[in-house]
Amino acid sequence: MAARGFERRLESMVEGVFGRVFRSTLRPVEIGRRLVRELDMNRSVDVRGRTIVPNHFTVWLSQVDYDQFAEIHETLCSELAEAARDHAHDEGYTFVGHVEAELVVDDTLRTGSFIIDARLREGPAGAGPGTLILPSGERLPLGEEVVTVGRTPNSTIVLADPNVSRNHAEIRPVGTGYVVVDLQSTNGTRVNGIRIANHELDGGDQITFGNTVLRFEAS
């Protein structure tokens with residue numbers, strides 16, 4: 001897995017601007033390593049032969065540690081979820097819903113101690129989990145609604161790209177996944193460099209609209 005990458009990012013949270021005030025004996029990288037182990041220890045095989053792993057993680061902390069993480073709370077939760085996605089991708093694991101991590105106080109825990117509760121949490125009935133990574137790095141979770149892509153202001157994803165048509169493409173929920181459909185755009189839609197009319201998306205697919213590239217993640 002890309003362990004070194006997420007470990008470096010987690011450590012950088014307290015070695016940079018937060019390092020001057022960070023006094024907790026608990027390091028973010030310790031939580032990240034434990035969370036990844038939870039995936040391995042709680043994996044199971046579903047009726048389709050897929051290896052299913054937890055996608056919702058509650059990290060129980062002492063009040064002191066929780067307070068110390070307050071300034072980096074959102075970033076830490078985001079990085080923990082990203083560590084889970086990276087490991088699942090490397091190991092071929094499947095999630096049943098969007099990956100989320102949260103920090104919660106447990107007054108019975110001593111400073112430096114923590115507990116991770118890893119659970120399977122299904123998304124809405126119908127389509128399975130999916131996320132689009134926008135050029136800005138913003139994550140757009142997919143659900144039951146059709147996502148429209150184009151230059152027109154009422155598109156779900158508005159792209160200020162002259163090579164993108166006003167109504168360029170749609171991403172539609174189909175079964176337990178998603179399909180990208182080109183709407184006869186002028187310059188076409190490509191998935192992993194290949195022009196398509198419609199294409200069922202797999203985790204890691206690069207979708208190109210004009211000169212703009214989005215990434216699909218199955219989590």
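Sequential numbering from 1 along the given sequence is applied to the chain's residues. Nothing here was measured: the structure is a model prediction, and the numbers come from that model.
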Fill in: CA sep, side-chain torsions, deciding dist, call: Ile194, His199, side chain to side chain contact (heavy atoms under 4.5 Å, CB included)
CA-CA 10 Å; Ile194 300 173; His199 178 86; over 6 Å; no

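- The minimum heavy-atom distance between Asn187 and Arg190, with the atom names listed, is O-NH1, 3.4 Å.
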Could you go through residues 131-140 and list every donor-acceptor pair under 3.5 Å that involves a side-chain atom there, pairing it with any protein atom two or more places apart or in another chain?
from   : atom 1 : to     : atom 2 : distance (Å)
Thr131 : OG1    : Ser219 : O      : 2.4
Ser136 : OG     : Glu138 : N      : 3.3
Arg139 : NH1    : Glu82  : OE1    : 3.3
Arg139 : NH1    : Glu217 : OE1    : 3.4
Arg139 : NH2    : Glu217 : OE1    : 2.6

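- No side-chain heavy atom of Thr51 sits less than 4.5 Å from a side-chain heavy atom of Glu91.
- Residues satisfying the side-chain contact (heavy atoms from CB on, under 4.5 Å) criterion with His73, sequence neighbours excluded, are Tyr66, Cys77, Leu103.
- Between Leu109 and Ser62, the shortest heavy-atom contact is O-CB, 3.4 Å.
- Across every non-hydrogen atom of Thr152 and Val158, the tightest pair is O-CG2, 3.6 Å.
- The cluster map of Ile, Leu, Val, Met, Phe, Trp and Tyr, joined by side-chain heavy atoms under 4.5 Å apart, puts Trp60 and Ile31 in different clusters.
- Distance check: Ile52 CD1 to Leu39 CG gives 12.0 Å after rounding to the nearest 0.5 Å.
- Each ring-ring contact (aromatic ring centres under 6.0 Å, His included) pair with one or both residues in residues 200-219, not counting sequence neighbours, appears once here: His168-Phe209.
- The same ILVMFWY cluster, assembled from side-chain heavy atoms under 4.5 Å apart, contains both Val105 and Leu80.
- Hydrophobic clustering (ILVMFWY, side-chain heavy atoms < 4.5 Å, transitive): Val146 and Leu142 are in distinct clusters.
- For Thr148, the side chain to side chain donor-acceptor pair (under 3.5 Å) criterion is met by Thr156, not counting sequence neighbours.
- Partners of Arg34 according to the salt bridge (Lys or Arg N to Asp or Glu O under 4.0 Å) rule, which considers only residues two or more places apart in sequence or in another chain, do not exist here.
- In this structure, Gln63 places its CD atom where more than 12 heavy-atom neighbours from other residues, nucleotides or ligands lie under 6.0 Å away.
- Using a 4.5 Å heavy-atom cutoff, the side chains of Leu76 and Val59 are not in contact.
- Counting only distance, with no hydrogens or angles, the side chain of Asp90 and the backbone of His87 share no donor-acceptor pair below 3.5 Å.
- Taking Arg119 as the reference, Asp117 meet the salt bridge (Lys or Arg N to Asp or Glu O under 4.0 Å) condition, with sequence neighbours excluded.
- Tracing side-chain contacts under 4.5 Å through hydrophobic residues (I, L, V, M, F, W, Y), one reaches Tyr93 starting from Leu35; they form part of the same cluster.
- Residues Ile207 and Val149 fail the side-chain proximity criterion, which asks for heavy atoms closer than 4.5 Å.
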Practice prompt. Give the intermediate values and the outcome of side chain to side chain contact (heavy atoms under 4.5 Å, CB included) for residues Ile157 and Leu214.
Written response: CA-CA 11 Å; Ile157 300 174; Leu214 280 64; 3.8 Å; yes

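- Other residues, nucleotides and ligands place no more than 12 heavy atoms under 6.0 Å from the CD atom of Glu145.
- The neighbour count for Glu200 CD, taken as heavy atoms of other residues, nucleotides or ligands under 6.0 Å away, does not exceed 12.
- In terms of modelled atom types and a separation under 3.5 Å, the side chain of Asp161 and the main chain of Thr212 share a donor-acceptor contact.
- Linking ILVMFWY side-chain heavy atoms closer than 4.5 Å, directly or via other members, places Leu26 and Ile115 in two distinct hydrophobic clusters.
- How far CZ of Phe57 is from CD of Glu100: 10.5 Å, rounded to the nearest 0.5 Å.
- The closest donor-acceptor contact from the side chain of Asp65 to the backbone of Gly112 lies under 3.5 Å.
- Taking all atoms of both residues into account, the shortest heavy-atom contact from Leu159 to Arg151 is O-CG, 3.1 Å.
- For the pair Arg166 and Ser155, the tightest heavy-atom approach, listed with the atom from each and the gap, is O-OG, 3.9 Å.
- In terms of modelled atom types and a separation under 3.5 Å, the side chain of Asn55 and the main chain of His98 share a donor-acceptor contact.
- When all heavy atoms of Ala84 and Val99 are compared, the closest pair comes out as CB-CG1, 4.0 Å.
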Item to complete: Just do the side chain to side chain contact (heavy atoms under 4.5 Å, CB included) check on Asp106 and Phe114 with the steps written out, would you?
Response: CA-CA 9 Å; Asp106 183 340; Phe114 67 98; over 6 Å; no

